[in-house]
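Below is one structure, written out as structure tokens; comments come after it.
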Amino acid sequence: MRSWSAPDVPSLPQLAESLRLYDTPNAATLPTTSDDGLASLYVCGITPYDATHLGHANTYVQFDLLVRYWRAAGLQVNYVQNVTDIDDPLLERAEATGVDWRELAEEQTELFRQDMDALDVIPPTSYIGAVEMIPEVVEDVERLADLGIAYQVETDDAAGADYYFDIAAAESRSDWRLGSVGGYDRPTMEELFPERGGDPQRSGKRDPLDPLLWRARRAGEPYWDGAGLGEGRPGWHIECSVIARRRLPAPFTVQGGGSDLRFPHHEFSAAHATAADQVPLAQRYMHTGMVGLQGEKMSKSQGNLVLISRLRERGEDPQAMRTLLLSNHWRSDWSYTDADLSRAAERLTAWKQALAAAPQAQHDDAAAVDADAPEELQRALMAALADNLDAPAALDQLDQWAAGNLAATTSTKRVAEVVQALLGLDLTS
Ligand SMILES: [Zn+2]
């Protein structure tokens, strides 16, 4: 699927820092290595019906920071993101608003592209809709069934059977254990499962937490040829598991998404992969914090979503939005206020003014700058980012630079390139 246009990312003198990232399964900040100069990332994409609220934007901007860090460290990045362009919430919204689900998905995906473009988020290497990967999903569900890890549940409203993932069979056949990825205990998972699309009450399941792999064709619902599975459509977790494994090495470097994906989504995407291939899905699992509004949880049911497109229509600067997002640590839960957005805009202006006000010699030296000599600011920003992608600390370093507290700048051009490459902020406009 088409993604969006790539922002300009200046190349910087290479600096080696050892990156440490907080990993959900280990509940610890750990060294994260990349083999052969390659780093691979899968970040779960949107279900296109409420694009793009500030919580989405936070996730993709924070992972954009990781992509930028890896690139500055000289790594080649393979980044895959999906679009869940077929799933219950999309169909429910289409039904409720009387719009064809395909039109809703396309319109919302396009809005998402425009918002990512405005926020200067580097597009993924591969941007893939679930609908594009259905034959591969069918293949993998059939394989899980052959291995005895998927089973049929009879339906009374469809011609064929639904397929479910057998947690107990997967545990006996692989190193994966329920809770080993999301880090939750069973009572917590039982509480979260129905809130996040699970169907614990469905009769005929072996374990109430077993997740859906393939939903047989129902009257009025979209469906695809499922070969031996019969007509139907894919479950949510198998979609990401299949896309990630078809496009990235196993295990890939980082699996990312919002903290609401810890369970069931990332738990079972990983379980499907590990049970089928006997290899973990990813080396590290990173979960971004949730963004609220004026102290309330932001959610579609509350009707208090802050949409990037609305802020843009109101004339807010996407670069100020980006500054606001980066002034919060990726793991933190926080709450949006207009006042904080104004403060972020002021901070951005102060950095631009500091750059413009630099002594004439620093502007003049732009052409003569040593291509291999990193600015002190680059060292400071990369050190902050290497320590669990600490964007607030990186922005503090930018404040220090603007206040003249870092080693002397040699070239304003290089400083602008450093800030643009690492943080995606343009101080020259
Ligand atoms: Zn996903």
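Predicted model only: the values in this text are computed from it and were never measured. Atoms within each ligand, like the ligands themselves, are counted from 1 in listed order. Only heavy atoms go into these numbers, but all of them, side chains included; no hydrogens, no water, no symmetry mates.
- Among the atoms of His266, no N, O or S atom is found under 2.8 Å from the Zn ion (ligand 1).
- Of the possible donor and acceptor atoms, none in the side chain of Asp87 sits under 3.5 Å from a partner among the backbone N and O of Leu90.
- When each of Asp317, Asp120, Asp64 is paired with Arg322, the salt bridge (Lys or Arg N to Asp or Glu O under 4.0 Å) condition holds for Asp64 and for no other.
- Not a single N, O or S atom of His237, from either the backbone or the side chain, sits less than 2.8 Å from the Zn ion (ligand 1).
- Aromatic ring centres of Phe112 and Tyr60: separated by under 6.0 Å.
- A salt bridge is defined here as a Lys NZ or Arg NE, NH1 or NH2 lying under 4.0 Å from an Asp or Glu carboxylate O, and Asp162 with Arg218 meets this definition.
- The angle His265:NE2 - the Zn ion (ligand 1) - Cys240:SG amounts to 110°, with values rounded to 10 degrees.
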